[in-house]
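The model shown is predicted, which means the values in this text are computed figures rather than measured ones. Below, each value reflects all heavy atoms present in this structure, side chains not excepted, and no hydrogens, waters or symmetry copies. Just so it is clear: chains get the letters A, B, ... in the order the sequence lines come, proteins before strands, and each one is counted from 1.
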Amino acid sequence: MTAMRLSVPSFLVVLGTILLVPVAVGLFRDPTGISLADALIAPSPAFPFGADHMGRDVLARIAYGFLWDSGLSVTIVAASLALGVGLGLAGGYLGGAFDGALTIVMDLLVALPHLVLAIVLMAYFDQGPVALAVALTLPGWVKYARLARARAAALREADFILMERVVGAGPLRILLRHMVPNVLPPLAGLAALHLGHTVLNVAALGFLGLGLQPPTPEWGGMILESRPYLYQAPWLAITPGCFVFLFMMIFTLLAARLEARAGEGEREDAHAAA
Amino acid sequence: MTIALFLFRRLGMAAATVVFATALTFVLTHLAPGDAAEIILSRVFIGDPETAGARSDLAVVATRFGLDNPLALQYLEWARNAVHGDFGVSIASGMPVADEIAERLGPTAVLALASTVAALAVTAGLVAAVRLVPRTRLAVDAAAVASVSIPNFYLGLVLVLVFSLGLDLLPVSGAGSWRHYVLPAAVLALGQFGYFTALMNASLRDADGQLYVLTARAKGLPPHEVFRRHVLRNAIVPVVPYVALQVAFLFGGVVVIERLFSLPGLGGYLVDALDVRNAPALLAAIAVVAVFVSVANLTGDLLLYALDPRVRFSGRG
Amino acid sequence: MMTSPHLRPLAAAVLAASLALPLQAAAADPADTLRAADMWEIDNLDPARSGTFVKEKAMVVESLVEASPDFSLRPGLAASWERTGDREWTFRLREGVTFHDGTPLTAEAVVASIDRAFKVTPTLKTMPQIDAVTVAGPLSVRVTTLVPSAMLPATMVQANLAIAAASSETTAEGTIVNPVGTGPYKVESWRRAEKTLHLARNDAYWGERPAIAHIVFRGIPDPSTRSLEIQKGDVDFVPDVPYGDLDMLARKGFQASRHVTARVYQLDFGSLKGSPYADARVRHAISHAIDRKAIVDKVLFGMGAPSAGPFTNGMSFAAPGIAVPAYDVAKAKALLDQAGWIEKGGVRVKDGEPFEVVLYTYPQRPGLPPIATALQGMLARVGIKAAVKLLDSAAIPKAQRPRDMRLIALTTAMFPDPDFFLRRNYHSAGANNTWGYADPGVDRLLDAAASANDPAARKAAYDEVQRIAARDQPTVLVSYYGVNIVMKPAVKGFVFNPVAHDYMLGTGLRLER
Amino acid sequence: MIVLEGVGLSYPGGLFGGAPKPVLENVDWVLPEGRVFGLLGPSGAGKSSLAKLILGLVAPTTGRVRIGGRDWRAQRGTVLRAMRRLVQYVPQHPEAAFNPRLSLGAAMRELFRLHDLCPGERREAQLGAALDRVGLDRALLTRFPRQVSGGEIQRLSLARALLLEPRYLVLDEATAMLDVSIQARIMRLVLEVAAERGMGVLVITHDIHLAHAACEAVYTCENRGVHVLPGLVQQQPAG
């Protein structure tokens, strides 16, 4: 996505506004209040995005769905980042048997389709938010670890790291104070893209009935729940779909922006690892 | 590194992947809440998941399916049979899993190939447009962003509404003729071309800056000649291996799309197996997916190896 | 177009693959072919496993005994039966019946078929406890049971005990893939890759000859897809479209109908001991808190009906005089107050413990998650805080604590005898009775009725059990399960048979294109 | 005193890469305190490997490297940290010897915390004195490594080494990248400090003139061993 010539920052502001304004409004409304009398009401002043088959306010469910989807995705990306950078640095810096084992585990995990792995994990575990976070973090950390490991292996031989050892810094200090700050910046673009993908995957799992379970407001689950009413109430499917799309688009553009900043050389690493 | 050594390592890794994937799934299916014998008893024999069976029948089922053996032994037994092409009997249908899987390979292969080819064709068109038609860059970039951003299950719903019901052009679901593949393949292709376009554009830009391209320009060759003879050829080469490596990603999409369109392929089989806790079918499907992806990764690696000399020395991990 | 040499082989491969696919299934005369969708995958044709499909829908095989729409028994392949001993029943076969391959229906053929079914599906032999099935004469079959059983003829109605000829083609493991039966239709071809089964009329059928010459069945497990398919026009008959689609389909000119089946949505308590539900007032309060009519009308879009007892009015074994529990929030609140559960800030509390529970259900039956969500709202109104959680049905029992509830959909007549449901749910040793309901009177009534000979005495006992259950509310019945049928206008003569597990096509169908 | 006893070093050949590659074999070498030695040799001969062995950054494949009687390999924790202070290093590329994401001041101040060098209130004064000694302005401390000149950062590199008051200093082609006048000034500074503190110095270089000018004895590193360069030995001290 480096081929982006759109005026990315202004575009991001516009898209972000479209996403966040309804969310901000919807958070003041009730996402779970069931009122069967209001079932399948079309968009109107009382229900700007309509009401679903339980008479629940779709605007409120979109807003709380945003909290769930984005909150979970941020958690998953943060956990993947921490795990990936931690393991990757340790592997790259320590080398030896640990690095060998890490390489094998990473090769095994990249060779499996991530969504398939997550689907299988979700099907066999209690389908709550914790399980979902674990199921998507498990394959998610690998791309960070690959990059971090490569950078750490290069940094290990860097003069300034050698000098830290000469002046007596311990391995933990070297890792945290000197390696991490030098490994993280190129990962920002990757993380932005990962965040978008994670929302997409959370929603896809929800759509397959394997993600967060109803009545939790979650965008993919909302699309699944709306399928039977595609005719009478198409807005039920269209609205959450648009929000997933919007979210993913924002982070794709952001990733492009961050990647362009991170520079040409590191871009190639990111593609190879992704 | 020699090619033999490279192949040896990659094949070893592929085998390890298949073992890892199936062993993990095997353990998961056994750790899952709900007694395996109970599930088989009520779903296979009684045919009604809510109707509990008699205690005495549980023992019969456990013995017949070897469920009272230690877990490792059960896995080894499964693997031994799987190597001989015997994947056991499906809990959902009672039919041999191997037969069911064999029937479902075709639709998935057609879907994967058709969508990849279509995505590449769209990519080629867009890349050419950017080069040959002025002021299309913005539109192409926007299309690429939209492509990678749209949820495929959502796109599928919209396309069915428009093309099956609105315009009455294509079937809603099922298999049986080429027309059943048009919408699913289109959804997957529309989700993939953005990735290919971005990759291709980046690769083209790199090729643009190469010395021989500048030389060709300096010689006074017309721009489209330069593009065709020097830029394009050198830009395609690095992209080709990534197309093969894309298969793992594609499989995620196949699972969702086959479900959406009731297409009797491997991905739909996998999700159906999960729905009813059909462990034998799930294991076989996972094994086949792992083999598929491993072969694709291997192909991608070999292409990279053949096309990019640097890889020969690093071995890519 | 990119003229990369790498792409040409790919394109060729795709072309070859798409040509290798069979072209659109060429059915016989479309005017004489009914295209039907089923709600399950058509992935097995063994009557002993998929009897519901092969017998009730495809009409390829038949049972010794059949049931009338009121669930009373009527002759099937057996013209008559009688109890010839304490633990013995004898069935006399209908004369002049032949299988699709032309061989006659004999006692040997029946015994061989039933013995094979026992091997394929061992549970058929244990519900109830059958000892042996033997030949008693050329057209006479004897069945002996381990304990005296009054309901044996009813168990013979089970679709999985339908009779298939020994000539039926099987796999190496002995699963039938091409059943040869006695029914009004015979299998023409089973195209598994297309998920379709092609049937042709059996012109030598012993009973009423069906009007439609061919039926093509396609398995479409997704309800939304079935709805789309009939609107698109690629099928003539679909069961169970999304409930909300029915009115729209009727407006578009389709025949859309709702029917009640012998299945019930039931709210079970984790345990009646060591939980709030030990107090019958709490159970009644919950029952009164449920607006059953709103659930049927709004959540299920008119599918099913509010339930009184477990059996619907049309079933011969429903006890008279059992009413649907009234929806009465005030009464529910009063009962909870009496039981010591006092409202505090929206949640009821007793002994410092809030009434907070998990309500489990599973997603496989589409009505369950929305009913659970609606129940959550209704329980909240009386101060019971329930968190809805979806799990696989096999996983729920282990997750459930004594204070949790679960919503399930139970079949009430796997075979047409009241013993099946009442014993499983209300007998202290019943297979479903995980909540531990134990009433010695109920146990005595059920045990006596199981072996009794006199139909009137049995009926009286079962009616009494149903009344006691209504009084005690060991579980809360919410609503009967509904199924809907959507047909094109050209399909005529459909009569819903409530005995079916989903639906039966029947031989009365006609096509008027 | 730095003592190398029968030191050998070889790099592993990799999983499928054939036999290990020997760099040094059976080296016995003693470097007493308070003296300035030179080490000459073609590139790739193992000069840098020797430096890393002495600094304890690489463990010898055979033999032992001891500093003040202690074997590097046996040390852990606080003892190891204290031992690190004894030998300091000024590398060839000083601009790469500082973390690019830390200000130079932060990099220097870390040393105080690391070794608890002196009470907090005296640290700034001490840092100032160290900068004065190498002739640098304190304003430099707010900058980042890529914002200062080669000469400045080399001095800073020296200041960092001296701050820890080592008994030994290893200069690894430390002045090779600088122009001749700056090179001479820095060498003079090193020799002055060494004389003041009685510190030993090992000057690794490929510049034979520099070695002659500055060192009491010059060794060469060739054929996987260390040899005295004949004619230049002033006095071989006793072990």
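Summarising the geometry of L57(D) relative to L162(A), their closest heavy-atom pair is CD1-CD2, 4.0 Å, with the distance given to 0.1 Å. The two residues P100(D) and F160(A) come nearest to each other via the heavy atoms CD-CE2, 3.7 Å.
Residues satisfying the salt bridge (Lys or Arg N to Asp or Glu O under 4.0 Å) test with R143(D), not counting sequence neighbours, are none. Considering only residues two or more places apart in sequence or on other chains, A130(D) meets the side chain to side chain contact (heavy atoms under 4.5 Å, CB included) condition with L163(D).
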Every donor-acceptor pair from chain D to chain A under 3.5 Å, please, each on its own line.
residue, atom, partner, partner atom, Å
L57(D), O, R165(A), NH2, 3.2
R84(D), NE, R165(A), O, 3.0
Q88(D), NE2, V166(A), O, 3.0
A96(D), O, F160(A), N, 2.9
N99(D), OD1, N182(A), ND2, 3.0
N99(D), ND2, H178(A), ND1, 2.9
R101(D), NE, P181(A), O, 3.2
R101(D), NE, N182(A), OD1, 3.2
E110(D), OE1, H178(A), NE2, 3.2
E110(D), OE2, R177(A), NE, 2.1
E110(D), OE2, R177(A), NH2, 3.4
H115(D), NE2, V167(A), O, 2.5

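Only the backbone of V87(D) comes within less than 4.5 Å of a heavy atom of chain A; no side-chain atom from C-beta onward does. With a threshold of 4.5 angstrom between heavy atoms, L55(D) approaches chain A through side-chain atoms but not through N, CA, C or O.
Of the listed residues P166(D), P91(D), A96(D), the one with more heavy-atom pairs under 4.5 angstrom with chain A than any other is A96(D).
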Scan the side chains in residues 81-91 of chain A for donor-acceptor partners under 3.5 Å anywhere in the protein, sequence neighbours excluded, and list what turns up.
none

